[in-house]
Amino acid sequence: MILTGPAISEEYRRGRIWIEPFDIQHVQPNSYDFTLGSSLLVYTETVLDSARANPFELIEMNGDGFLLQPDRIYLGHTVEVMGSDTFVPIIRGRSSTARLGLFVHVTADLIDLGSRNQWTLQLHAVQPLRIYPGMRIGQVTFWAVRGDRKFYEGKYQGSEGPCASKAYMDHASVTR
Amino acid sequence: MILTGPEIERAVSLRALTISPFSTRQLNPNSYNYRLSPIIRVSEERSFDARATHSWSTIQIPPKGLVLEPRRLYLGCTVETIGSLCYVPSLIGRSSLGRLGMFLQISADLGNLGKPHCWTLEITVVQRLRIYPGMVVGQVAFWCPEGSVMPYAGRYHDFSHAMPSLRGDQYHAIEPSEDL
């Protein structure tokens, strides 16, 4: 079951959903709009490797925004620190940004219970697209669970700003 | 409702869902990490036709990895046999790979209730990306359905390897008037 907007507000007040800062104006009928933060991360090499740490640089956007190019993956971040220990968050782009060909995640829309951080957004533009800090870029939904709960203690917990892939840690622990 | 990690483990032990092989090390708070089979398929054809069948070559991903190219579609496969008649699966990629620009399951992340099998993975990349055989590549979550169960009657569940689209075959075999 998916929470309605009023239920998201109520669970925020009860402390079972974390959204900081929380703005009642961002509550939608069955989701909450989150905001794009000012930092972007882009890898400095064109060929990436899932078994290594890939070098990157950070870009700080100002009011003029930043022009995304289709041939690169950019990592952005939410202004909001979000998460829940009770409901599973799933993120989505907003239809208004999707109508401009922007992906806000390329594959991983499902957030772990207990994960609490500024979420890294996997930004990919189908055509060149200028984006701006502070824009409402996506929405988060919250879903009820069945079963005993265990919480996320993984490698991205507590991250601030865009966080580069740590796939190489999985590679070391499972593939070998 | 979505199953928590402990509930996925319980459902596996009760045989209400199949994940094989199963390791508690691959359990997440509300999903299970699956691995990439070493066989991947790619078509030499640069342009597809939704009413045609296409030839696909098979590549064994070497231990040193394989670099995927942008603007190509690759079909991979899970190492694990996954499925359930009780819980609806949805398959996505790992956030760690999304952060490297890998799309895994393009648009169709929702599985059907039905027979356990190895799932075909639709993969494309934004930038060139080196991947490795057996790597943890994605996550499967399970959802409680409501209503009586009508198991999947299509053909994809009969295959446990990377399976290209059967749409062209279906068009010629059973949907002669579709899209006309």
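- For chain B, the nearby parts of A:D109 are the backbone and the side chain; heavy atoms of each come within less than 4.5 Å.
- Residue contact with chain A, scored on non-hydrogen atoms closer than 4.5 Å, is absent for B:N33.
- B:Q60 places no side-chain N or O within donor-acceptor distance of the main-chain N or O of B:P38, the cut-off being under 3.5 Å.
- With chain A as partner, the option from B:S95, B:A141, B:G138, B:A11 having the largest number of non-hydrogen pairs under 4.5 angstrom is B:S95.
- With a 4.5 angstrom heavy-atom cutoff, A:E45 touches chain B only via backbone atoms.
- Side-chain atoms of B:E122 do not come within 3.5 Å of backbone N or O of B:Y74 as any donor-acceptor pair.
- Between chain A and the residues B:R10, B:R130, B:R94, the most heavy-atom pairs under 4.5 angstrom are made by B:R130.
- Checked options B:I106, B:L75, B:I40, B:L91; the residue passing with B:L121 is B:L91 (criterion: side-chain contact (heavy atoms from CB on, under 4.5 Å)).
- Of the two parts of A:L110, the backbone and the side chain both hold a non-hydrogen atom closer than 4.5 Å to a non-hydrogen atom of chain B.
- Looking at A:Y156, only its side chain comes within 4.5 Å of chain B, counting heavy atoms on both sides.
- Looking at A:F103, only its side chain comes within 4.5 Å of chain B, counting heavy atoms on both sides.
- For A:D112, the parts sitting under 4.5 Å from any heavy atom of chain B are the backbone and the side chain alike.
- Only the side chain of B:S31 comes within less than 4.5 Å of a heavy atom in chain A; its backbone stays farther off.
- When heavy atoms are compared at a cutoff of 4.5 Å, A:P70 approaches chain B solely by way of its backbone atoms N, CA, C and O.
- Between chain A and the residues B:Q105, B:M102, B:E146, the most heavy-atom pairs under 4.5 angstrom are made by B:M102.
- In terms of heavy-atom pairs under 4.5 Å with chain B, the best-connected choice from A:L113, A:V47, A:D49 is A:D49.
- Using a 4.5 Å heavy-atom threshold, the side chains of A:F56 and A:V42 count as separate.
- A donor-acceptor pair is defined here as one N or O able to donate and one able to accept, closer than 3.5 Å; no such pair exists between the side chain of A:S31 and the backbone of A:Q139.
- Between B:R72 and B:E69, no side-chain nitrogen of the basic residue sits less than 4.0 Å from a carboxylate oxygen of the acidic one, so the salt-bridge criterion is not met.
- Contact of A:Y43 with chain B is made through the side chain alone, with heavy-atom distances under 4.5 Å.
- Interface remark: of the candidates A:I111, A:L121, A:T120, A:T120 forms the most heavy-atom pairs closer than 4.5 Å to chain B.
- Heavy-atom contacts from other residues, nucleotides or ligands closer than 6.0 Å to CG of A:D148 number 12 or fewer.
- Looking only at heavy-atom pairs under 4.5 Å with chain B, the residue among A:R146, A:R72, A:R52, A:R149 that has the most is A:R146.
- The pair A:R130-A:D64 does not count as a salt bridge, with every side-chain nitrogen at least 4.0 angstrom from each carboxylate oxygen.
- Ranked by heavy-atom pairs under 4.5 Å with chain A, the list B:C144, B:P70, B:G5 is led by B:C144.
- Taking CD of B:E44 as the reference point, atom OG of B:S55 lies at 7.5 Å (rounded to 0.5 Å).
- Interatomic distance, B:L129 CG to B:L68 CG, rounded to the nearest 0.5 Å: 6.0 Å.
- Between the NE2 atom of A:H26 and the CD1 atom of A:I8 there is a distance of 13.0 Å, given to the nearest 0.5 Å.
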